[in-house]
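Remember, it's 1-based here, ligands and their atoms both numbered in the order they're listed.
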Amino acid sequence: MIRVGIIGFGYWGPQIARNFQAADECRLAAICDNNPATHARISRAYPNVHMTCDSREIVISRDIDAVAVITPVWTHFELAKAALENGKHVFVEKPFTATVAQAEELIDLADRKNLQIMVDHTFLFTGAVKKIRELIDCGALGKLYYYDSTRINLGLFQHDVNVIWDLAPHDLSIMDHLIQSKPACMLATGQSHLNGHHDVAYITVYFDDNLIAHFNVNWLSPVKVRTTLLGGEKKMVVWNDLEADEKIKIYDKGVEIKSGQGVYDLLVSYRSGDMWAPKVEQTEALSNEVRYFINCIKKNEAPFNDGLAGLRVVKLLEAADRSLADGGAAVRI
Ligand SMILES: NC(=O)c1ccc[n+]([C@@H]2O[C@H](COP(=O)([O-])OP(=O)(O)OC[C@H]3O[C@@H](n4cnc5c(N)ncnc54)[C@H](O)[C@@H]3O)[C@@H](O)[C@H]2O)c1
């Protein structure tokens with residue numbers, strides 16, 4: 001039985017608590033939030049779970065094996081470090097840390113203590129991402145040309161981070177999981193309109209093999225859009241995460257150049273075949289993820305969304321900030 005303590009019961013903490021509470025071979029042992037206004041909610045939802053204001057109580061407790069850090073990003077490092085130093089496995093929200101140096105320090109500490117770090121890259125546990133990964137791995141899409149995602153909505157404005165650090169960790173972690181080649185360089189442009197943080201941003205990532213990725217993240221959109229396109233040589237995928245069914249559509253569409261004799265002899269032919277929507281697993285992603293976390297601890301195995309996966313995303317976020325500060329200049333990764 002793995003005993004879990006949760007730190008942070010704001011917007012996202014209750015989702016994590018519910019899933020740990022429901023997972024087999026796991027016991028939700030304690031919940032901490034340093035804002036007393038959350039305490040009525042905690043005790044109403046979990047009357048038999050120990051509640052505290054003081055994160056120290058959670059990280060030093062002998063009755064806790066793993067700590068979930070569900071607090072704003074600028075607090076992740078100190079809380080996760082204290083938990084690891086006290087021999088606890090950690091489940092840390094995205095983005096893993098506020099800097100690359102912090103991520104590296106936590107990874108090193110966990111290695112020395114033989115403890116697991118899991119970074120909550122929730123989308124990697126969705127049926128949609130699993131299906132797209134299957135399609136890429138079996139070669140159904142062919143060589144990838146581009147990855148293009150739009151994640152826009154009205155708010156929720158964050159006080160401590162810009163829209164890239166808030167929304168893009170989802171897309172960057174999905175890209176990192178789906179695409180095996182490494183990004184070569186990236187650039188980011190954006191604008192801030194209201195609270196001094198960029199609230200509209202566009203990120204472009206270049207790979208060495210002609211693959212290009214683009215991300216549009218925006219807190220000022222009147223409508224919510226969650227759409228990702230992957231263009232391959234053989235097939236193309238449209239993933240609309242807001243669709244209840246048929247989230248993924250695969251298009252047998254493409255372009256072929258028939259003749260290479262000379263620039264004026266090129267014959268461009270367009271293939272426009274069937275479209276189909278494969279069945280996608282519907283289990284709640286967080287439920288899959290927390291069960292996987294418990295299993296990794298029991299088997300003493302590093303999860304695929306470990307500290308290194310979190311670090312790769314933080315490296316891209318830091319590079320995006322450097323590019324933003326330099327007027328959209330390309331930054332090598
Ligand atoms: N994976 C996802 O899909 C997803 C979705 C939303 C948020 N998140 C992430 O979850 C984290 C929290 O986001 P949120 O929207 O729930 O924020 P929030 O501000 O709503 O909640 C954070 C809570 O943590 C508490 N807290 C802060 N510092 C603390 C400390 N030192 N000790 C104890 N309690 C402390 C606050 O009082 C607050 O109740 C962020 O890293 C965010 O990026 C992830």
Side-chain angles (χ1 to χ4, degrees), residues 5-20 30-46 49-61 64 67-83 86 88 90-99 102-103 106 117-126 128-129 149 151 153 155-174 176-177 195 197 217 219 224 226 241-242 284-290 292-293 303 305 309-310 313-314 317:
I6 291 181
I7 306 178
F9 201 80
Y11 164 67
W12 197 239
Q15 309 300 325
I16 303 292
R18 176 172 55 77
N19 280 286
F20 275 119
I31 301 177
C32 164
D33 197 297
N34 64 5
N35 178 1
T38 61
H39 289 190
R41 270 196 299 130
I42 299 174
S43 54
R44 206 168 35 246
Y46 300 100
V49 173
H50 178 67
M51 182 176 71
T52 174
C53 261
D54 182 6
S55 63
R56 195 79 207 138
E57 225 188 282
I58 302 268
V59 296
I60 64 171
S61 168
I64 288 176
V67 174
V69 178
I70 322 296
T71 52
V73 58
W74 56 273
T75 65
H76 291 181
F77 174 70
E78 292 299 341
L79 292 169
K81 185 177 173 193
N86 284 280
K88 312 286 190 277
V90 293
F91 179 98
V92 187
E93 260 321 311
K94 63 83 192 161
F96 181 25
T97 53
T99 67
Q102 290 177 347
L106 293 182
I117 296 175
M118 179 177 279
V119 180
D120 181 15
H121 291 158
T122 321
F123 279 94
L124 309 191
F125 295 85
T126 59
V129 171
S149 103
R151 186 176 298 276
N153 43 259
L156 301 166
F157 269 74
Q158 305 291 310
H159 306 292
D160 54 334
V161 292
N162 65 23
V163 70
I164 293 182
W165 282 76
D166 181 37
L167 296 182
H170 293 306
D171 304 295
L172 297 173
S173 63
I174 297 166
D176 175 71
H177 181 65
N195 71 348
H197 291 301
V217 284
W219 282 329
K224 181 170 178 172
R226 297 281 185 269
D241 201 45
L242 300 184
E284 184 182 358
L286 269 181
S287 158
N288 289 334
E289 188 174 8
V290 303
Y292 176 56
F293 180 57
N305 53 329
V313 170
V314 175
L317 296 170

Going through the distances and angles, do E57 and H50 end up as a side chain to side chain donor-acceptor pair (under 3.5 Å)? CA-CA 10 Å; E57 225 188 282; H50 178 67; 2.5 Å; yes

For K94, which part has a heavy atom under 4.0 Å from ligand 1: side chain, backbone, both, or neither? both

Short question: side chain of [X], backbone of [Y] - any donor-acceptor pair under 3.5 Å?
X	Y	value
R56	A82	no
H76	V92	no
N162	W165	yes
N288	F125	yes
Y292	S287	no

Using the ring centroid of each side chain, check whether F91 and F20 are separated by less than 6.0 Å. yes

Checking the N or O distance criterion of under 3.5 Å, is ligand 1 in contact with N34? yes

Short N/O distance, under 3.5 Å, between T75 and ligand 1? no

Are R44 and F9 in a cation-pi setup, meaning NZ or CZ lies under 6.0 angstrom from the ring centre and within 45 degrees of the ring axis? no

Report the nearest protein non-hydrogen atom to [atom]: residue, atom name, distance rounded to 0.1 Å.
atom	answer
atom 37 (O) of ligand 1	D33 OD1, 2.6 Å
atom 40 (C) of ligand 1	T71 O, 3.4 Å
atom 17 (O) of ligand 1	Y11 N, 4.5 Å
atom 21 (O) of ligand 1	G10 CA, 3.2 Å
atom 19 (O) of ligand 1	P72 CG, 4.4 Å

Hey, which atoms in ligand 1 end up nearer than 4.0 Å to a heavy atom of [X]?
X	value
I7	32 (N), 33 (C)
D120	1 (N)
N35	37 (O)
C32	33 (C)
T122	1 (N), 2 (C), 3 (O)
E93	1 (N), 4 (C), 8 (N), 9 (C), 10 (O), 11 (C), 41 (O), 44 (C)

Is a side-chain donor-acceptor pair under 3.5 Å present for D54 with T52? no

N19 side chain to E289 side chain, donor-acceptor N/O pair below 3.5 angstrom: no

Quick one: does H170 get a heavy atom under 4.0 Å from ligand 1? yes

Within the structure, is a non-hydrogen atom of H76 found at a distance of less than 4.0 Å from ligand 1? yes

Parallel, tilted or perpendicular for W219 and F157, by the 30°/60° rule? tilted

Per atom 2 (C) of ligand 1, closest listed option by heavy atom (W12, F123, F96): W12

